[in-house]
Amino acid sequence: MKILVTEANRKMGQEIIKEALSRSIEVVGVALHPEKFTNEIAFIEKNLINLTVEDIEPFDVVINAVHFPRDAQQQIENTKHLINLLEQTQTRLIEIASPTNLYQDSTRKKQVADRLLFKFSKITKSEIESFQLLRNSYNFDRLYVALYSTLNSPLVDSTGKYVIGSDYIPKNNFAISFEDTAIMIVDQINNPSTNKSVISVWGVE
């Protein structure tokens with residue numbers, strides 16, 4: 001198994017890399033500043049938008065660990081570019097995203113994006129558009145992981161456990177650490193049953 005992790009020098013990417021290495025999975029990171037890496041791995045010194053089919057093709061899975069994008073328009077362009085690359089390969093995508101596209105509850109009438117805090121944000125709009133682009137792409141395997149409960153991750157201790165949720169926020173939900181989120185992400189690498197799904201991840205009480 002060989003995986004490529006984008007945003008490899010950010011917190012979520014670093015924890016995924018650490019977890020994958022602990023399971024003897026071959027990992028390569030993507031980042032412009034590899035000197036920030038805390039794990040000794042190979043890297044591709046590029047922005048995501050500059051990746052090529054040749055960069056992607058050797059990998060079984062690409063984990064796009066963007067989580068919270070910094071630039072709205074760049075987020076859309078990155079998604080379009082990644083879709084174009086993946087449609088030319090046999091590589092699976094695990095997209096790690098913010099909670100924007102989760103539903104607020106099991107009625108599935110309103111999304112997190114409809115909340116006033118998110119509603120008028122350019123980043124929110126870019127995440128909605130990026131999600132639609134991915135959902136309408138059928139030529140490669142993918143899993144969309146929306147992380148709501150990691151908003152408080154710096155305050156949460158690792159338990160080594162997690163609960164996988166659906167595409168909405170459950171009534172009883174608990175925050176989860178970055179470390180435990182990484183465990184779940186790496187567990188999904190070999191889980192084809194989640195193909196083309198939207199899932200969330202939560203901590204345990």
For this session: With side-chain contact (heavy atoms from CB on, under 4.5 Å) as the test, would you mind laying out the steps for Tyr162 and Val204 before giving the verdict?
Result: CA-CA 6 Å; Tyr162 62 82; Val204 296; 5.9 Å; no
For this session: Kindly indicate whether the side chain of Val53, heavy atoms from C-beta on, has any atom under 4.5 Å from the side chain of Thr89.
Result: yes
For this session: Apply side-chain hydrogen bond (donor to acceptor under 3.5 Å, both in side chains) to Ser130 and Arg135, showing your working.
Result: CA-CA 9 Å; Ser130 294; Arg135 192 163 68 172; over 6 Å; no
For this session: Supply the atom-to-atom distance Ile94 CD1 to Leu4 CG, rounded to the nearest 0.5 angstrom.
Result: 12.0 Å
Exercise. Would you say the side chain of Thr181 lies within less than 4.5 Å of the side chain of Ile16, judging by non-hydrogen atoms?
Worked result: no
For this session: Ignoring hydrogens and angles, tell me if any N or O in the side chain of His81 forms a donor-acceptor pair with the backbone of Leu51 under 3.5 Å.
Result: yes
For this session: Quick one: do Met184 and Ile199 satisfy side-chain contact (heavy atoms from CB on, under 4.5 Å)? Show the steps, please.
Result: CA-CA 11 Å; Met184 186 281 287; Ile199 64 173; 4.2 Å; yes
For this session: Would you mind reporting whether Ile63 and Glu7 have side-chain heavy atoms less than 4.5 Å apart?
Result: no
Exercise. Leu143 and Ser197: which non-hydrogen atoms are nearest, and at how many Å?
Worked result: CD1-O, 3.7 Å
Exercise. Are any non-hydrogen side-chain atoms of Gln188 and Val145 less than 4.5 angstrom apart?
Worked result: no
Problem set entry | Leu93 side, atom CG; Thr79 side, atom OG1 - distance, nearest 0.5 Å | 9.0 Å
For this session: Indicate if Tyr168 and Val163 have the same hydrophobic cluster label, given that clusters are the connected sets of ILVMFWY residues with side-chain heavy-atom separations under 4.5 angstrom.
Result: no
Exercise. Would Ile128 and Val112 show up in the same hydrophobic cluster when neighbours are defined by side-chain heavy atoms closer than 4.5 Å?
Worked result: no
Exercise. Would you say Thr100's side chain and Ala113's backbone share a donor-acceptor pair under 3.5 angstrom?
Worked result: no
Problem set entry | Least distance between heavy atoms, Ser158 atom then Ser177 atom | CA-OG, 3.5 Å
Exercise. Is a salt bridge present between Asp105 and Lys171, judged by a nitrogen-to-oxygen distance below 4.0 Å?
Worked result: no
Problem set entry | Within 6.0 angstrom of Lys196 NZ, more than 12 heavy atoms from elsewhere | yes
Exercise. Side chains of Gln75 and Ser126: do they bring a donor and an acceptor to under 3.5 Å?
Worked result: no
Exercise. If you round to the nearest 0.5 Å, how far is CG of Asn195 from CZ of Arg92?
Worked result: 6.0 Å
Exercise. Once you round to the nearest 0.5 Å, how far does CD1 of Ile41 lie from CZ of Phe43?
Worked result: 9.0 Å
Exercise. Does some side-chain heavy atom of Asn47 sit less than 4.5 Å from a side-chain heavy atom of Leu32?
Worked result: yes
For this session: Would you mind reporting whether Asn64 and Leu48 have side-chain heavy atoms less than 4.5 Å apart?
Result: yes
Exercise. Got a donor-acceptor contact below 3.5 angstrom from the Glu77 side chain to the Gln73 backbone?
Worked result: no
Exercise. Are there more than 12 heavy atoms of other residues, nucleotides or ligands under 6.0 Å from atom CD of Gln90?
Worked result: no
For this session: Flag yes if Ile49 and Val62 sit in one hydrophobic cluster, no otherwise; membership is Ile, Leu, Val, Met, Phe, Trp, Tyr, and two members link when side-chain heavy atoms are under 4.5 Å apart.
Result: no
Exercise. Does Ala8 offer a backbone N or O that forms a donor-acceptor pair with the side chain of Gln14 under 3.5 Å?
Worked result: yes
For this session: Please report the closest heavy-atom contact between Pro58 and Lys2, naming both atoms and the distance.
Result: O-CD, 3.9 Å
For this session: In plain terms, say whether Glu129 and Lys125 are close enough for a salt bridge, that is, a side-chain N and a carboxylate O under 4.0 Å apart.
Result: no
Exercise. Can you list every pair that meets salt bridge (Lys or Arg N to Asp or Glu O under 4.0 Å) and has a residue in residues 44-63, with sequence neighbours left out?
Worked result: Lys46-Asp55
Exercise. Donor-acceptor pair, Arg142 side chain versus Glu95 backbone, under 3.5 Å?
Worked result: no
Exercise. Does Asn101 reach the side chain of Gln111, with side-chain heavy atoms less than 4.5 Å apart?
Worked result: yes
Problem set entry | Cluster overlap Leu134 with Phe131, hydrophobic side-chain contacts below 4.5 Å | yes
Exercise. Taking NZ, NE, NH1 and NH2 as the nitrogens, is one of them in Arg23 or Asp187 under 4.0 Å from a carboxylate oxygen of the other?
Worked result: yes
For this session: May I ask you to check whether over 12 heavy atoms, not counting those of Asn136, lie within 6.0 Å of atom CG?
Result: yes
For this session: Indicate, with yes or no, if Tyr144 and Phe140 share a hydrophobic cluster defined by side-chain heavy-atom contacts under 4.5 Å among Ile, Leu, Val, Met, Phe, Trp and Tyr.
Result: yes
Problem set entry | Asp180 side chain to Thr159 backbone, donor-acceptor under 3.5 Å | yes
Exercise. When you measure from the side chain of Ser200 to the backbone N and O of Ser166, does any donor-acceptor pair fall under 3.5 Å?
Worked result: yes
Exercise. Within a strict 4.5 Å, meaning less than it, do heavy atoms of the Met1 and Ile189 side chains meet?
Worked result: yes
Problem set entry | Stepwise side-chain contact (heavy atoms from CB on, under 4.5 Å) test for Glu26 and Ile3 | CA-CA 6 Å; Glu26 186 176 354; Ile3 68 172; over 6 Å; no
Problem set entry | From CZ (Phe178) to CD1 (Ile185), nearest 0.5 Å | 12.0 Å
Exercise. How long is the gap from OG on Ser106 to CD1 on Ile169, to the nearest 0.5 Å?
Worked result: 11.5 Å
